[in-house]
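First the structure, in the form of C-alpha cells, and then the observations on it.
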Amino acid sequence: MRKLTLLAATIGVLAIPTGQALAACTAPSYSSAMRKAIPTTGINQAQFSQALQLAASFVRCKAGTKPLALHPKLTTVAATHSQWMAKHAKLSHKSTVSGMQSMAIRLRSTGLRIGAGAENIAGFERYNFPAGAFTITNAATCKFKSQSGKPIPAHSYASLAETVVAGWMGSPGHRKNLLNRQYQHTGGGLGFDPKAQFCGRFYITQDYIKWHGPASEN
C-alpha cells in the first residue's frame, strides 16, 4: 500500500484567495532536464525548485492568483530541510539542523525581510505509482507494473512536482498556503531516503513568503 504524507505550517496572517480564475492559464513548460528521472544521488535542487514553482504557479493561475517567483535563498533552506527529513526518515517542520530548527527560524536565516510565510512538506515514493493497486515484478531491481501491465517509471522532477502539488491541492491546509494571495516568492527542496519501501522515498519542502525586499537580493 502506498503511503502519502503531507504537513503544512504558517506564520503571519493568512488570507484565502478569492476571485475568478485568470482567462488564460498556460500549462507548465518543463525543460527536457526536468522530464528526466530524478537521480538518487546528486539531485539538482534548482531543477526541482523550478519545476515545483511552475506546477504551483499553474494551479494559482487557475484559482485567479498571481504566480510565485523563485528565490534562491528559499531553495537553499527548503533543500536543507528536505535532506534532513530524508536522512531521519521523518516528516516534520522541526529539525535538528543548527540555525534551521523550525520554519520560522529557517525563513529568518535567509536574511530576507519577510512579512509572512508558510511551508508545505510531503513524502512520496521514488516511483510514480498509480492511485490503485500495482504489481511488484522484481523488488530487487525496482521493477513495477500498473494493473494494465505498463511499467511504472521513476519520478522525474516534473512528474514529482505535479504529484506533490496535486496532493497539496487536495488538503485544505496545504491548499490555503499554496494559493495564498499575499505570498510572492517561493523555493522548493528535495531529499531522498534510499532505505524506504519500494526503492526509496522523496521528502519535499516548499516555502512561501511575503517579501518586503532586503538591502541585497542575493
Side-chain angles (χ1 to χ4, degrees), residues 6-31 34 44-82 93 95 99-100 102-122 157-158 160-190 203-218:
L6 306 166
L7 285 176
T10 62
I11 56 174
V13 179
L14 295 178
I16 301 175
T18 58
Q20 299 299 315
L22 301 185
C25 296
T26 304
S29 179
Y30 300 110
S31 68
M34 292 179 196
N44 189 319
Q45 297 292 342
Q47 291 277 10
F48 180 68
S49 186
Q50 186 177 9
L52 198 57
Q53 178 260 339
L54 290 171
S57 291
F58 181 53
V59 298
R60 284 171 65 91
C61 177
K62 292 193 291 184
T65 307
K66 291 182 179 180
L68 295 162
L70 277 176
H71 198 292
K73 288 188 175 182
L74 295 177
T75 296
T76 297
V77 296
T80 298
H81 187 60
S82 290
H93 290 287
S95 83
M100 294 192 184
S102 70
M103 179 196 68
I105 296 173
R106 281 192 290 280
L107 294 183
R108 285 199 297 268
S109 76
T110 63
L112 302 174
R113 294 177 58 234
I114 297 170
E119 180 176 86
N120 282 349
I121 57 177
Y157 293 107
L160 182 61
E162 293 199 335
T163 299
V164 171
V165 168
W168 286 338
M169 287 294 287
S171 168
H174 297 87
R175 180 185 175 93
K176 180 187 286 187
N177 288 343
L178 187 57
L179 300 184
N180 196 299
R181 286 180 178 275
Q182 68 177 326
Y183 299 140
Q184 309 148 328
H185 289 76
T186 190
L190 186 61
Y203 287 82
I204 302 98
T205 304
Q206 189 173 39
D207 291 312
Y208 317 90
I209 63 168
K210 178 181 179 180
W211 181 42
H212 296 307
S216 171
E217 297 185 6
N218 299 314

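Everything numeric here is computed off the predicted structure, so don't read it as measured data.
In terms of heavy-atom proximity, Ala118 sits nearest to Tyr183 at CB-OH, 3.5 Å. Considering all non-hydrogen atoms of both residues, Trp168 and Leu178 come closest at CB-CD2, 4.4 Å. Annotation for Ala55 and Val165: closest pair CB-CG2, 3.7 Å, computed over non-hydrogen atoms. Taking all atoms of both residues into account, the shortest heavy-atom contact from Thr75 to Gly188 is CG2-O, 3.5 Å. Taking every heavy atom of both residues into account, Gly189 and Ser82 meet most closely at O-OG, 2.9 Å. Heavy-atom minimum distance, Gly187 versus Ala78: O-CB, 3.7 Å.
Using a 4.5 Å heavy-atom cutoff, the side chains of Arg108 and Ile105 are in contact. Counting only heavy atoms from C-beta outward, the side chains of Ile209 and Gln184 never approach each other to under 4.5 Å. Side chains of Cys61 and Lys66 form no contact here, defined as non-hydrogen atoms less than 4.5 Å apart. The closest side-chain heavy-atom distance from Lys210 to Ile114 is not below 4.5 Å. Leu52 places a side-chain heavy atom less than 4.5 Å from the side chain of Ile204. Side-chain contact between His71 and Thr186 is absent, with no heavy atoms from C-beta onward closer than 4.5 Å. Leu74 has its side chain within reach of His185: a pair of non-hydrogen atoms, C-beta onward, lies under 4.5 Å apart. Between Cys25 and Lys62 the shortest side-chain heavy-atom distance falls below 4.5 Å.
A side-chain donor-acceptor contact under 3.5 Å links Asn120 and Tyr208. In the model, Glu119 has no side-chain atom that pairs as donor or acceptor with a side-chain atom of Thr205 under 3.5 Å.
The NE2 atom of His93 sits 7.0 Å away from atom NE2 of His81, with the distance rounded to the nearest 0.5 Å. Atoms CG and OG, from Leu68 and Ser57 in turn, are 4.5 Å apart once rounded to the nearest 0.5 Å. Between the OG atom in Ser31 and the CD atom in Gln50 there is a gap of 6.5 Å [rounded to 0.5 Å]. With values rounded to the nearest 0.5 angstrom, Gln53 atom CD is found 4.0 Å from Leu70 atom CG. Note: Met100 CE to Thr110 OG1 = 9.0 Å, rounded to the nearest 0.5 Å. Note that CH2 of Trp211 is 16.0 Å distant from CD of Gln182, once rounded to the nearest 0.5 Å.
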Tell me, with the steps shown, if Met34 and Leu54 meet side-chain contact (heavy atoms from CB on, under 4.5 Å).
CA-CA 11 Å; Met34 292 179 196; Leu54 290 171; 4.2 Å; yes

Full working for side chain to side chain donor-acceptor pair (under 3.5 Å) between Glu162 and Tyr30:
CA-CA 11 Å; Glu162 293 199 335; Tyr30 300 110; 3.1 Å; yes

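Aromatic ring orientation, Phe48 versus Tyr157: tilted (interplanar angle from 30° to 60°).
Without hydrogens or angle criteria, Arg106 side chain to Gly99 main chain gives no donor-acceptor distance under 3.5 Å. Using modelled atom types, no side-chain atom of Ser49 and backbone atom of Gln45 make a donor-acceptor pair closer than 3.5 Å.
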